[in-house]
Amino acid sequence: MVIPLTPSEKPLFFGIQYLDIGKFMGQELGWLKWPNLLAMLFAAVSFVVGAYYLIRYTQGFFAGRKIPKSWKLILWGVAITAIAEIGEMLGFYEWPNPGFFEMNFLLVLPHAIGGILIGLGTYFLYKEIT
Amino acid sequence: MTMPILEFNAVNPLTYPFGPMLGMNLYVLLVHIPIVGGFGMAAYYIVKYLRKFYGERPIPEEWKTFWWAMVWGTIHELIEVPILYQWVVGQMVVIVFIVIQVIAGIYLIRGSYLLAKKYILK
């Protein structure tokens, strides 16, 4: 039976020295080490690429016109979520000793802010035509 | 110890991951509402937007794909909750997580690429 691992009693500011791509949430990945790393890298890259193409889309669609609040929020949301996906890798791979910096400023907060911005952006997108 | 195939744990989110630090545990738990809710809200409002904007007309592929990106993004954020709380642990979970991440990433790249392609990349 796996005992869920909890962070060390003395929280660390940076936990990068504990980063181990062979472990996921403190458990040995075995043969899943490389597939998991590639999938996590791909997820982070997809948000960067997505943000890039959405910028190109808004530049083209609104050429010369002011970009509405909705699309600005969606763009920022996708871009900030890219940071969260990088932080996610650090958090999962450093567990059970994730750094306070990585967990808060690269994972939890960017995830929450990114989610709120994307959600609000699509809400305004809908409200703009109603 | 190698990761098990699949195991379930009863972990109380009020006592995990920071043990007796209830405030921190609550913070980690509550912050998942905007994380999952934001993507869920996006999937919901994009559907409403498309139904309103296109009406009876067919919805273009780029918008359908972008909407799917938000749906899979929501699933991606959702599965991270049991992973973080280690309610479900094992190789099966990692495999499902890998598949979801790849699908969500493909839809996001394709959806945004198709949107951009229509106006820029000709």
Side-chain angles (χ1 to χ4, degrees), chain A residues 1-7 9 11 24-25 27-32 35-36 38-40 42-43 45-47 49-57 59-61 63 74 77-78 81 84 88 91-92 96 108-109 111-126 128-130, chain B residues 1-4 7 9 11 16-19 27-28 31-46 48-49 52-53 69-70 73 76-77 80 83-86 89-91 94-95 97-99 101-102 104-109 111-121:
Chain A
M1 185 72 183
V2 167
I3 307 296
L5 298 168
T6 55
E9 285 182 18
F24 185 76
M25 287 302 288
Q27 308 294 328
E28 290 285 349
L29 276 165
W31 69 277
L32 286 166
N36 190 57
L38 288 173
M40 296 202 84
F42 179 70
V45 168
S46 69
F47 276 91
V49 175
Y52 167 75
Y53 280 129
L54 290 178
I55 289 169
R56 300 292 305 268
Y57 164 71
Q59 283 174 340
F61 187 83
I74 293 170
V78 171
T81 305
E88 194 173 290
F92 283 150
V108 172
L109 290 176
H111 245 332
I113 294 168
I116 289 169
L117 294 181
I118 291 172
L120 275 179
T122 53
Y123 169 74
F124 286 123
L125 190 68
Y126 170 67
E128 280 163 9
I129 59 162
T130 51
Chain B
M1 189 180 116
T2 309
M3 188 179 276
E7 281 190 14
N9 293 308
V11 178
Y16 179 88
F18 294 103
Y27 160 67
V28 173
V31 87
H32 284 89
I33 296 171
I35 294 173
V36 179
F39 278 87
M41 190 174 160
Y44 174 73
Y45 278 112
I46 287 176
K48 290 192 68 145
Y49 166 79
K52 183 86 180 171
F53 189 82
M70 294 300 121
H76 174 187
E77 302 304 335
E80 283 174 17
I83 288 175
L84 173 69
Y85 285 106
Q86 300 183 57
V89 178
Q91 295 179 32
V94 176
I95 292 167
F97 188 51
I98 288 171
V99 170
Q101 284 188 105
V102 171
I106 288 171
Y107 271 115
L108 181 60
I109 291 174
S112 52
Y113 166 75
L114 290 176
L115 281 169
K117 185 184 168 196
K118 197 162 187 175
Y119 296 97
I120 308 284
L121 312 168

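So that the names make sense, note that chain A is the first sequence line, chain B the second, and so on, each numbered from 1. Bear in mind the structure is a predicted one, so any value in this text is a computation, not a measurement.
Across all their heavy atoms, Ala39(A) and Ile98(B) have their closest contact at CB-CG2, 3.6 Å. In terms of heavy atoms, Met25(A) sits closest to Ile83(B) at CE-O, 3.7 Å.
Annotation: side chain of Met41(B) is in contact with side chain of Tyr123(A) (closest heavy-atom distance under 4.5 Å). Two residues are said to be in side-chain contact when any heavy atoms from C-beta on lie closer than 4.5 Å; Val28(B) and Tyr16(B) fail this criterion. You'll find the side chain of Asn36(A) stays beyond 4.5 Å of the side chain of Phe92(A), heavy atoms only. Leu84(B) is listed as a side-chain neighbour of His32(B), based on a closest heavy-atom distance under 4.5 Å.
Contact of Leu114(B) with chain A is not made at all, since no heavy-atom distance falls under 4.5 Å. At a 4.5 Å heavy-atom cutoff, Ile113(A) makes no contact with chain B through either its backbone or its side chain. Neither the backbone nor the side chain of Tyr107(B) has a heavy atom closer than 4.5 Å to any heavy atom of chain A. Looking at His76(B), only its side chain comes within 4.5 Å of chain A, counting heavy atoms on both sides. Heavy-atom distances place no part of Ile33(B) under 4.5 Å from chain A, backbone and side chain included. Contact of Glu88(A) with chain B is made through the side chain alone, with heavy-atom distances under 4.5 Å. Phe61(A) touches chain B through backbone and side chain together, each having a heavy atom under 4.5 Å away. Of the two parts of Phe97(B), only the side chain, counted from C-beta on, holds a non-hydrogen atom closer than 4.5 Å to a non-hydrogen atom of chain A.
The residue among Val94(B), Val36(B), Ile46(B) with the most heavy atom pairs within less than 4.5 Å of chain A is Val94(B). Among the candidates Gly40(B), Ala69(B), Gly38(B), Gly90(B), the residue making the largest number of heavy-atom pairs closer than 4.5 Å to chain A is Gly38(B). For the set Met70(B), Gln91(B), Gln101(B), Lys52(B), the count of heavy-atom pairs under 4.5 angstrom toward chain A peaks at Gln101(B). For the set Leu32(A), Ile116(A), Val49(A), the count of heavy-atom pairs under 4.5 angstrom toward chain B peaks at Leu32(A). Considering only heavy-atom pairs separated by less than 4.5 Å from chain B, the leading option among Ala51(A), Ala84(A), Gly121(A), Gly119(A) is Gly119(A).
Evaluation of the side chain to side chain donor-acceptor pair (under 3.5 Å) rule for Glu77(B) yields His111(A) as partners, not counting sequence neighbours.
Under the 30°/60° scheme for interplanar angles, the aromatic rings of Tyr53(A) and Tyr113(B) are found to stand perpendicular.
In Tyr44(B), the OH atom is not crowded: 12 or fewer heavy atoms of neighbouring residues, nucleotides or ligands sit closer than 6.0 Å.
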